[in-house]
Asks: 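For reference, the structure I am asking about is given below.
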2 protein chains.
Amino acid sequence: MNARRATIADVAREAGVSASTASVVFSGKTPVTDATRQRVLDAAVRLRYTGPDPRAASLRRGRSGIVGVVFQGHLGGAFLDPVTRAMMDGLADAVAPQGAGLLLLRDDVEGESGSGESGATLTTAPIDAAVLIGCNARMRASLEIVLSRRIPVVVIEGDAGSDVPAVLLDNSFAQSVVAEHLKKLGHTRVALVTLPTDVSGERGWINEQREATITVDVMRDRLQGARQVFPDAPAMSARNSSIDEGVIAGREIFAGSDRPTAVVAQSDLLAAGVIRAAEEAGLRVPEDVSVTGFDGVDVDGLAPYLLTTMSQPATEKGRAAGRAVTAMLEGDNAATIEFTCVFREGNTTALPPDS
Amino acid sequence: MNARRATIADVAREAGVSASTASVVFSGKTPVTDATRQRVLDAAVRLRYTGPDPRAASLRRGRSGIVGVVFQGHLGGAFLDPVTRAMMDGLADAVAPQGAGLLLLRDDVEGESGSGESGATLTTAPIDAAVLIGCNARMRASLEIVLSRRIPVVVIEGDAGSDVPAVLLDNSFAQSVVAEHLKKLGHTRVALVTLPTDVSGERGWINEQREATITVDVMRDRLQGARQVFPDAPAMSARNSSIDEGVIAGREIFAGSDRPTAVVAQSDLLAAGVIRAAEEAGLRVPEDVSVTGFDGVDVDGLAPYLLTTMSQPATEKGRAAGRAVTAMLEGDNAATIEFTCVFREGNTTALPPDS
DNA sequence: TTGTATGCGTTATCAT
DNA sequence: ATGATAACGCATACAA
């Protein structure tokens, strides 16, 4: 019962081979005689050696096999978004073949407790590469850290300059497509329900001043797309992308005297909430009011409604990010890639009521 | 433009101090003169040195600052569950002060592509400790790996033997409490909607044979609690914990000739679905049928209903797990801890319709 | 407060 | 197919 744990050198000695041979048995990088392999493996069992210490191996190799994923805010909050969940799935898929794992990192709020801790994990985490999700102004600091460490980095849904490969979506165009669909149906009185304009996420009608200070790329781009078709539509921002927030926005919108015949929501969850609010107000969807979403995710509990929406390849986005970082780790350089949404007509849009 | 990256030795030389002094400047473990510190920091900037290499540091320290979190199945699927999200939040909170990050690991399905890869990440990941979530039979393999590596491990919602600290919930008792509540109200015809009986998650009525082969602890315990009060209640298992599955189960239940006056669901999401199914069938909740949930999470979109449910301290569970692993890392030993749910009366339960 | 010396456990390279 | 050697980059015990 030695306190010290066995090392590969111990195993080699026990097996009567050199350390390099023992190492090779575990890595499989070089052919080894079956007999030798067995001797080493047996010795390992005897010494309760369970394989090379990952810490030492990563120092030697210069690789840890870990990809950092940087979120902003609470983890639970981030995973509230079905799109983020799908992206993580794709990301995990893409890095798994390389034997890499995903390290969750928070883009810490500075005000949090001891400010000395801030960003500590991102600076000190043994990551080979990083993926930043939703790269806003607030993520800038994280980006700087990663870049200064000269770690390969990929950004999802955000602009980090031309040196950083990004995984993008045609948000603006896609949003204009659904909006156009409504216009063709004959809708003219349309209201917009948007994602938060910034991280603090204030709820309410968006005036010009606020519209000029939007810091969230996704929100800004989708808004712009809608504006191309309905330049003067009133827009109300939600505090986050959720059904509950959609309900709140929907109530406000349907309470007005000049009820719109259609609502363009910037996410499927918000759209689901708007539909609930419509039902609440005694309006039928789509007969009395049309509602469109964005994302093309399955909204749990929304059946029998099927949203008219723009489906985005969320899982594919994650996978692309994963492929990009692994490519960069191989020394190849990855390019920015823009995915496109596809229009999906559901049963939540129809001709305006008066037509 | 030297190809090789600067090391702390380079920085020390540039600053005209020893390597150990430079090291101390970055770690802060020992006081250093302001002048010296500045010299070192300046040198670091000049050499574009961004701090100690985490890989080397972790080898030297014997710590990587990473806690592995093992899930079963897809990441996106795991985070679908609001309780899991809350636990992750708590876990992240608890390990953050130690500067630790969370590494997502999948308890890979063996059938997946090259079977050689299976468990590869768990065996080779540089983790200081591990947290297993929902430790079923299927997780056994992961547990074995971690134990053989002699890494501190904590299990959430699952039994891993007396040597492994667990974070538990009084599932059985808690479920009996809500059931009792219904009984006191006068309900006798009650139906149960349960979580999946095993990972494969088959949907349908549970017969005796199936009830005997349940592999999911949480489900079994809650079922037992309900059975203490309503021994003969028919039980239908859902494929997963979601509103949609609750709707499906609810439809089946309300379609029968002998409609129950109350439905006990094993999760809030399932309960939300049951409520929808009731509405669909023209039943009012709680006037015509009472519905109870389990978890006490905010179900997005369920307002104005407030479920009668058992609130579980999900975030606190994660935090406890985090504290347990950090304690074990300090050399202290952590004990199994059982949390208790608290009954919350909402507006989804009432007297049975005929009373 | 600073410097010296040592080893953490592995694996790549090269020679045999 | 196997072995000898040399880093990988750092943090600590201890001495000064």
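Order of the sequence lines sets the chain letters (A, B, ...), proteins ahead of strands, with each chain counted from 1.
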Asks: Starting at CZ of B/R149 and ending at C1' of C/dG9, how long is that distance when rounded to a whole Å?
Replies: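 About 14 Å, once rounded to whole Å.
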
Asks: Mind calculating the distance between NZ (A/K29) and C1' (C/dT11) to the nearest angstrom?
Replies: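 The distance from NZ of A/K29 to C1' of C/dT11 comes to 9 Å, rounded to the nearest Å.
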
Asks: For the pair made of CZ in B/F26 and C1' in D/dG9, what is the distance, rounded to whole Å?
Replies: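 Rounding to the nearest Å, CZ of B/F26 and C1' of D/dG9 are 13 Å apart.
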
Asks: Considering just the side-chain nitrogens and oxygens of A/T36, establish if one lies under 4.0 Å of OP1 or OP2 belonging to D/dT2.
Replies: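 True: A/T36 side-chain N/O within range (under 4.0 Å) of D/dT2 OP1/OP2.
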
Asks: Do A/S23 and C/dA12 share a donor-acceptor pair, side chain to base, under 3.5 Å?
Replies: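 In this structure, the two groups form no donor-acceptor pair.
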
Asks: Is it true that the side chains of B/D42 and B/Q38 contain a donor and an acceptor less than 3.5 Å apart?
Replies: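 Yes - a donor-acceptor pair under 3.5 Å links their side chains.
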
Asks: Does any donor-acceptor pair link the side chain of A/T7 with the base of C/dT10 at a separation under 3.5 Å?
Replies: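 When only heavy-atom distances are counted, A/T7 does not reach the base of C/dT10 through any donor-acceptor pair under 3.5 Å.
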
Asks: Can you see which heavy atom on B/Y49 is nearest to which on B/T7, and at what distance?
Replies: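 The pair with the smallest heavy-atom distance is CE1-C, 3.6 Å.
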
Asks: Could you check how far CZ of B/R39 sits from C1' of C/dG3, rounded to whole Å?
Replies: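 Taking CZ of B/R39 and C1' of C/dG3, I get 13 Å after rounding.
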
Asks: Grab the CZ-C1' distance between A/R55 and C/dT10 for me, whole Å please.
Replies: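 From A/R55 CZ to C/dT10 C1': 12 Å.
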
Asks: Name the orientation class of the two ring planes belonging to B/F79 and A/F79 (parallel below 30°, tilted from 30 to 60°, perpendicular beyond 60°).
Replies: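 Judged by the thresholds at 30° and 60°, the geometry between B/F79 and A/F79 is parallel.
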
Asks: I want to verify a distance call: between C/dT1, D/dC10, C/dT11, whose nearest atom is closest to the B/P31 side chain?
Replies: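 Among the listed nucleotides, the one closest to the side chain of B/P31 is C/dT1.
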
Asks: Using 0.5 Å steps for rounding, measure from the CZ atom of A/R63 to the CG atom of A/L329.
Replies: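 Rounded to the nearest 0.5 Å, the CZ-CG separation comes out at 5.0 Å.
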
Asks: Within the pair A/T21 and D/dA1, is there a side-chain N or O less than 4.0 Å away from OP1 or OP2?
Replies: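 Looking at the OP1 and OP2 atoms of D/dA1, neither is under 4.0 Å from any side-chain N or O of A/T21.
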
Asks: Of A/G16 and B/D53, whose nearest nucleotide on DNA chain D comes first from the 5' end?
Replies: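 Comparing both residues, the 5'-ward one is A/G16.
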
Asks: Expressed as a whole number of angstroms, how long is the span from B/R60:CZ to C/dT10:C1'?
Replies: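 Atom-to-atom, B/R60 to C/dT10, this comes out as 16 Å.
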
Asks: Would you mind reading off the distance between A/L59 atom CG and C/dC8 atom P, rounded to a whole angstrom?
Replies: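 For the pair A/L59 CG and C/dC8 P, the rounded distance is 13 Å.
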
Asks: From A/M88 CE over to A/I156 CD1, what is the distance, rounded to the nearest 0.5 angstrom?
Replies: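 Reported value, rounded in 0.5 Å steps: 9.0 Å.
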
Asks: Nearest-nucleotide wise, let me know which of A/S18 and B/A9 is further upstream toward the 5' end of DNA chain D.
Replies: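 Whichever sits nearer the 5' end wins; that is A/S18.
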
Asks: Looking only at side-chain N and O atoms, does A/T30 come under 4.0 Å of OP1 or OP2 in D/dT2?
Replies: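 So the side-chain polar atoms of A/T30 never come under 4.0 Å of the phosphate oxygens OP1 or OP2 of D/dT2.
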
Asks: Please determine, for the side chain of A/S20, which listed nucleotide (D/dA1, C/dT1, D/dT5) has the closest atom?
Replies: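 The nucleotide sitting nearest to the side chain is D/dT5.
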
Asks: In whole angstrom, what separates B/R61's CZ from D/dC8's C1'?
Replies: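 My rounded result for the distance is 17 Å.
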
Asks: Within the structure shown, what part of the strands sits under 4.0 Å from A/V24 by heavy-atom distance: base, sugar-phosphate, or nothing?
Replies: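 Counting heavy atoms under 4.0 Å across all strands, no contact is made by A/V24.
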
